[in-house]
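Residue numbering restarts at 1 for every chain, and letters A, B, ... go by the order of the sequence lines.
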Amino acid sequence: MRLYGIMAEFDSPQGLVEAARRTHDAGYRKIDAYSPFPVEDLAEAIGFHSNRVALVTLIGAIAGGLSGYLLQYWIATISYPINVGGRPYHSWPSFIVVTFEMTILFGGIAAVFGMLALNGLPMPYHPVFNVPRFAMASKDRFFLVVFATDPKYDAAGTRQFLESLGPRSISEVPS
Amino acid sequence: MQIFHRSTNTLSRATIFGAVFVIAGLGWALMELQRSPYITYAGVVKPQPVPFSHQHHVTGLGIDCRYCHTSVEQSSFAGIPPTKTCMNCHSQIWTNAQMLEPLRASYRSGESLEWTRVNQLPDFVYFNHSIHIAKGVGCNTCHGPIDQMPLMYQYASLQMEWCLNCHRAPEKYLRPRDGVFNMRYQQPTSAAPVLVAGESYYDQASLGKALMAKYKVRNVADITSCDTCHR
Amino acid sequence: MAEQTDQAANRQAPVISPGYTFGTVTDKISSIVLTRPTSNGWFVGFGISFLLLMLLLYAAGYLFVRGIGIWGVNIPIGWGFAIVNFVWWIGIGHAGTLISAILLLLRQSWRNSINRFAEAMTLFAVACAGTFPLLHLGRPWLFYWLFPYPNTMTYWPQFRSPLVWDVFAVSTYFTISLLFWFIGLIPDLGTLRDRSENRWARITYGILAMGWRGSARHWHRYESAYLLLAGLATPLVLSVHTVVSFDFSIGIVPGWHTTIFPPYFVAGAIYSGFAMVLMLAIPIRKVYGLEDFITDRHLQNSAKVMLATGWIVAYGYAIEAFMGWYSGNSYDSFTLWNRLHGPYAPWYWSLLSCNILFPQVLWIRKFRTQPGLLFLVSAIILTGMWLERFIIVVVSLQRDFLTSSWGMYYPTRWDWATFMGTIGMFLTAMFLFVRILPMISIFEMRTLLPEAEVKAE
Amino acid sequence: MQEAPANPKREDVCPSKQRELGEVRLQIERAQGPEFWRSLEELAGSPEFQQMLHREFPKGAADWVDEVSRRGFLKLMGASLALAGMSGCTKLPLEPIVPYVRQPEGVVPGRPMFFATAMPLSGYASPLLVESHLGRPTKIEGNDLHPASLGGTDVFAQASILGMYDPDRSQTITKLGDVNSWSSFVQEIKGPLAVQKGLGGAGIRILTQTISSPTLADQLRALLKMYPQAKWHVYEPVNRDNVVEGAKLAFGRPVATQYRLENADVIVSLDADFLYAGFPGNVRYIRDFAKRRNPDGVMSRLYVAECTPSSTGAKSDHRLPLRAVEIEGLARALLVAVTANSPEAGTTAEYAKFVQVVAADLAPHHGSSLIIPGDHQPPSVHALAHAINVALGNVGKTVVYTDPVSANPVNQTESLRELVSDMRGGKVDLLVIMGGNPVYDAPADLGFADALKNSNVGLRIHHGLYQNETAELCHWHVNDTHYLEMWGDARAYDGTVSIIQPLIAPLYAGKSAYELVSALSGVSDATGYDVLRAYWKGQHSGGDFEAWWRKALHDGWIEGSAYAPRTLSAKLGSLPAAPTSEARTLEINFRCDPSIYDGRFSNNGWLQELPKPLTKLTWDNAVLVGPKMAGREGLKTEDVVTLELAGRQITGPVWIQAGHPDYSVTVHLGYGRRKAGRAGTGAGFDASPLRTTGAMWFATGGKLTKTGRTYKLASTQGYQTMDTPNGASRPNVRRATLEEYRHEPKFAQEGTPPPELTLYPGYDYQRQEYAWGMAIDMTACVGCNNCIVACQSENNIAIVGKEQVVRGRHMHWLRVDAYYQGDRDNPKAYFQPVPCMQCENAPCELVCPVGATLHSTEGLNDMVYNRCVGTRYCSNNCPYKVRRFNFLLFQDWETPQYKMMRNPDVTVRSRGVMEKCTYCIQRISEHRVDAERETGGQIADGRLQTACQQSCPADAIVFGNINDPNSRVSKWKAKDRNYGLLAELNTRPRTTHLAEIRNPNPELET
């Protein structure tokens, strides 16, 4: 049967980070690390730096702010201009609040859904779940996986290499 | 352990997108319903005691609107003809047509005919026929091709947005006063100009502007103020 | 010198008691939801809250049938309990997002053990608050006219009105808080998914967890999103009560029309918010034996926050009073006089004692570390804050410009029923929450453990 | 504006009557089927029935707040559905449209018609002009062609339209409470009449109210000729016996006194409230008085010595609070001082100074001064007043004597006494009570009810608008027609004969007095119209009668029918000795109620809810006690006390009335009715048990004791001074003395911000054709409350019931604030009418989230009911608190009569929406449309009037186009006295007030 990758289990974040770093140094690129909480340095240990969430959020926020203000401007001066308590049609100070709220709203929504989208979530099914021990990944175990799609990957060699990292256990991830 | 089947990935994303479209669709449907004849009665023929045909009386016999709708020029209310008006003719012609029986019954008994109101506004809207006519708004601009209606129906939606269409741009609709009751009136074209006070106009734009001035139509801000229609 | 002893106390009182591992933390918290049998106490509490919720439904139903007149509102006092409760609840709703967002930005790691239920509390409080603007409408079935949607009238909301600002502020605040709360939950939902024995529980949590697997890449994006959200929520949380305060300060009613409102409303909100947090935290940690996670340190810090915000509020009152006198505006000065000596003077004095006098006991460390007393003080503060809103809304309207149209306000039983009802609504939600969701953020607790440290070489 | 009926026969006068009538009858049957037997139950006086009455609107508003009956629930559900109809996208139900069968001449559907008629009250006609929509009278206006009205009205006339549509009016003829018919009634009386014929009518007694109708009087006299032994008695609880007797004392004959206030520079009122409804000629008097109170021209001076604080007292330059008994002493002192021409002479009483100064002030105004005695002062005071007027040479200048307006000017109290003794003496076999309610309001010592019940009067017939306490004790009840339903005539205060013409055929097939009397005299089928026309045909000499008659109908009055002044010589000296008023005993005053008169209007919701001029009380009367006495007795407002007089007792709540003299209390008549109807029954307490023939208006020797209980009173103005409790004072009513004003004319405008003081560029109203504005002259305003009722009638304003008033939810769009300033025992009082100010920078508009209240291009603060969602924010933010909110379903959506009554040009507001004064936008639109359509020109200034302005007898309200510098309103606003209420808030009110100027006598200052 085809494998999705090989999974090594560690029991401390420390161990995982070192292992990940060495695997990356060893030239493995298609790898991922799993931890029950965000671990510092783990991301760049596996060579992941770029992160476009901030950009998405910014775009969302700007879109929200603009739409908010333009909506009000259009309503008050173009769609149905009418004299309210002697105020000018375009009484911009009154429009600030809603503009601000819309900025926040769209920004926030963009941040959350952008993050989910970039993470490819929702994804209830994932091969790593096939490994029974992986259930511990959401408790107190730390996993490193080298994917079968990695050019340097070969079943035996990679397994050997992972064992050399002194994991608690090694298991194959069926795809 | 694996809880979900592979397919759930696609499924879950599908549902998320699906939800968005469903909600949007629902909103759209409501908007449509709001404007549908079911709500507005536009184009809907309502049950009437006597199947009166405007087509026959207007086109066929060439009776002027004001013969029946007498108060249309002096009052907010155009007026529904009293039984008497119908009987002026129908005491001579069609004297034993079955469908006119309710009419004759009313005339005999003195009990009024109960028509169903066709063009109906909510109670908080105040419309005045006389002023619209004075300002050169044609009957059929709002009531539609009455001369081609075998059975009377409401032509426009009579919703606020519809009223505002004209109140925001009267010049697009105005016509000379003498054309107000003319069911065949056409807006001016280069081929068929409209003559007002010795001057002929070749397009509605110029005619509209001229009439606005001539009939002292108040400016848009005035006639879109709330108290124009709501009291 | 009290301060020093506090420092000492803090050193002794860690954020989480020693001796815990990733595993024990995980098990302890998740067990409350997964394995722990539901106690009778829970059922009793839930039952009572639920009855109150039903009372709300009854009151609301009757309101829709008879009209707003069943309440005590009148001319000149067009706003009564409804708006008082609205502002009160919104205020309470500030603690959650404040704790999770602002304290996060301030790297106050102690927040980790209280932010989860504080956020939940926020959501429920805002929900309660949200019911009032709707109920208090003369024609509630037309509430949607406050939203800009295309319609056959080609007519729109009037964006100069603070009430429209409210609609936007509150709905935004609710949405953002909900998102914030939810993404905070995702990893823990993953944990519950993997821990739970029951198949249906597994599937439910599984769906909610959206297949979270703790990948390093995910964590990376997750953290930046969380941080950004915090960054957005921080100005938001400050803006919400500012906007609510505009409802009054934009008006010309003496006692409303004042620039001090925004800051002192926000402070007041945090004040009452923390009071509510404590009123919830103290019994919860007792019942579920969470003293190790919600330690005296938390109580102490919350108490200090209350002390601080309490003084800001006091400053607000002082400025109001000062301006009443200093402005020389006869209407303002009379408003002050009316608060002090008018028909509602007792309410004003008790407000002052509740919000300013009693809380001063928090200077003493013993009180800050005494859950029972802390609970009591919090209750007093919540009462005081409610009274504050009552004074602002009712007493200002009661005697405004023309003496001829002065009036009095007498709440009816329906006013009370509605208020009690929302409290029931709030508690019902709270009870359900502690039963089905981890009331403490598990993954954030893990990061607090010493083992979580990664020494870079 | 008036349209004469094409040819004044009944049909044409009320077009479409036939259909209307049928329709209404049908509606009423449908709506009131179960209540049809009310009369029976009423006879039984069953408690359930009483409860039912109380559950009904508007008293029903009471329990709305708490208990909800299933019926009420459904009702409201229905209503809520109806409300849903107000939202944008709901489907309208199909609606029938019903044309005439034969359209009457001159009727233009959708356009109102106006007909002249008149309302008789205690014999005096108020000339009216009534607006009619498709044969339904909807609004009462004053008849501007008539000398007694000049366009103004009084509250009773304004509210009478509601009385006409009152569903509680008696709707059938009944015999012993059973429904019966006119024909069988006519049959029934034949027998007894035949018997009487033989006896020369010795057993016939007719008891009427004061009658001034020439026709009716003529009919009655004819009847008396037929039955020479029969007697015609006259009684009203609010009668003018004192005036009659006073005249007899002075001139030896009953004469009526008219005043010419337009010629009076110094006026002294001896307890006369001549500026309020109920005083004959008040409408004209107010106009003339106001004319002469012009601070920029001639300004008269008014001294008032009175007991019960009245609006006249409030308007006075000097008010002397005196117990009613002491007035005579004052009058004598004044006479002496005036005639002896030595002010010092006369008196030693504490009011010596007052007398001196007044006398000194009167002396130089020979012929231009005026003494007015109050109707409730004894004859001697009237005689004294005549004497002083004669002495001052006012006769023919400011005082005019004419024949009495009453066709039968007897002493009514005596007349009733005689009737009672006849009944007791068994001399009465056939008693016809035409109008009135003696069982309820006859002097207690006569025991009228007892006499009526127990001395066997063979046949007792009651003719009236209601199945009231008197009808209860009669065999037959014939339901009367409302004056808007009948033909007739009546004399105005000056004798002018006004024609009463029907605006609608009788809703309940009632029979007018004219028809009843002709039935008594054997002609059972004569219509009121025949009788009236026949009489006047007889009176009219020469000329074309038809033309003359039509003019009379069109104008509403008969030219040249006013009484000619008489020249008489006062023969004085024969005055009874001055009463010795024992100073330390309690005096109890009886006054007719400012809102419901003698109780005949007690089922009129508008009047019940009309705030009384000074107390602002609604739905109740109270025991008015002065501050001094309250302090001594330890009384608080709303304490329930027992009043005792000569062994008789009444209990009622106290109202502490600033300015009420010590050792004296006032109670108002007309309340405590047992059988008035839904609105009137059970409201207030009945004061008449203390009222005796000996002391109809006031009596000393009373006793007041606290019961310890309290009773909730519903006043619409909780706080009645401009001084705030912290010692400050607010310049709501800006005021000055004439001297101060002349010295500093612009005093009122201080504090008004300059127009350029704004961050925002203002909206430019200059370029508009119209900019509507209003100015209210508080110097002229006498607080007569007309504007309130006129507004209520014009704008379909709901009444809310006592409970809701208590909660501060009354709906009046226009209110008249009353403020007391200074010494509580004798304060200065001020009236300030406050409609919507139509601010240019309206605070209310800014805060409306749905844009339901916005500005029109002409500067109107529009309120769009159908857009309102009811946040009430606008009201909170309105510094004038003129916005009104429908907290509950206040409008009655079921009663068919009310549907007919409403003004079709104004939206009927429903639950949950805000409403407020619109400057009568419907009238503005109508006039604009007409002007543009007919002439294409502008609305002529003065042609367009708001309802309040039109009804104002003082001409204190002016409305118009402020963009036209020549319009009257612009001229007023240009005056120095003109100021904007709360203008310092920069709201830029379009409604402004003209400061109140008083003309006090420097001698009496300090």
Side-chain angles (χ1 to χ4, degrees), chain B residues 1-20 23-42 120-122 124-125 154 156-169 220-221 223-230, chain C residues 26 30 33-34 138-139 141-161 167 171 174-175 178-179 182-183 185-215 217-218 221 225:
Chain B
M1 82 255 54
Q2 191 68 264
I3 307 169
F4 298 93
H5 185 264
R6 285 173 194 276
S7 57
T8 46
N9 290 356
T10 6
L11 191 67
S12 52
R13 284 164 213 172
T15 41
I16 291 179
F17 281 104
V20 175
I23 292 165
L26 217 62
W28 175 82
L30 278 174
M31 297 295 305
E32 282 310 300
L33 179 68
Q34 241 187 73
R35 298 184 163 85
S36 69
Y38 170 75
I39 295 292
T40 63
Y41 292 111
Q120 187 185 351
L121 290 170
F124 49 76
V125 179
Q154 172 187 324
S157 78
L158 299 190
Q159 278 167 328
M160 184 167 164
E161 59 184 0
W162 173 81
C163 302
L164 283 167
N165 283 341
C166 184
H167 274 230
R168 281 172 176 162
V220 169
I223 57 179
T224 53
S225 283
C226 312
D227 61 17
T228 312
C229 312
H230 301 298
Chain C
T26 309
S30 53
V33 181
L34 295 175
R139 302 199 292 166
W141 53 92
L142 296 178
F143 72 96
Y144 59 88
W145 281 356
L146 276 84
F147 296 93
Y149 71 101
N151 57 67
T152 57
M153 301 171 278
T154 67
Y155 203 59
W156 306 93
Q158 202 274 98
F159 280 96
R160 296 169 189 82
S161 166
V167 171
S171 47
F174 186 78
T175 321
L178 185 66
L179 292 172
F182 180 63
I183 64 168
L185 267 169
I186 291 173
D188 289 2
L189 288 166
T191 307
L192 294 182
R193 172 195 61 203
D194 300 340
R195 300 271 84 65
S196 57
E197 309 304 321
N198 170 319
R199 176 150 178 282
W200 287 111
R202 217 184 287 140
I203 290 175
T204 325
Y205 290 125
I207 291 170
L208 293 173
M210 296 194 296
W212 181 264
R213 54 188 189 274
S215 143
R217 292 183 171 77
H218 290 185
R221 296 203 185 88

- Rounded to the nearest 0.5 Å, what separation is found between the CE atom of C:Met210 and the CD1 atom of B:Ile16? 7.0 Å
- Message: For a quick test of reading the model, state the closest non-hydrogen atom pair linking C:Thr154 to B:Glu161 and the distance between them.
- Response: CG2-CB, 3.5 Å
- Note on the structure: Across all chains, not counting sequence neighbours, the side chain to side chain donor-acceptor pair (under 3.5 Å) partners of B:Arg13 are none
- Smallest heavy-atom separation, B:Gln34 atom then C:Thr152 atom, equals OE1-CG2, 3.0 Å
- Query: So how far is it from C:Tyr149 OH to B:Leu30 CG, rounded to the nearest 0.5 Å?
  - Reply: 10.0 Å
- Rounded to the nearest 0.5 Å, what separation is found between the CZ atom of C:Arg202 and the CZ atom of B:Phe4? 10.0 Å
- Message: Rounded to the nearest 0.5 Å, what separates atom CD1 in B:Ile3 from atom CZ in C:Arg199?
- Response: 9.5 Å
- Message: Quick check on C:Phe182: does its CZ atom have over 12 non-hydrogen neighbours (other residues, nucleotides or ligands) under 6.0 Å away?
- Response: yes
- Message: Looking at C:Glu197, I want to see if its CD is surrounded by more than 12 non-hydrogen atoms of other residues, nucleotides or ligands under 6.0 Å.
- Response: no
- Would you check if B:Met31 and C:Pro150 make a side-chain contact, meaning some heavy-atom pair closer than 4.5 Å? yes
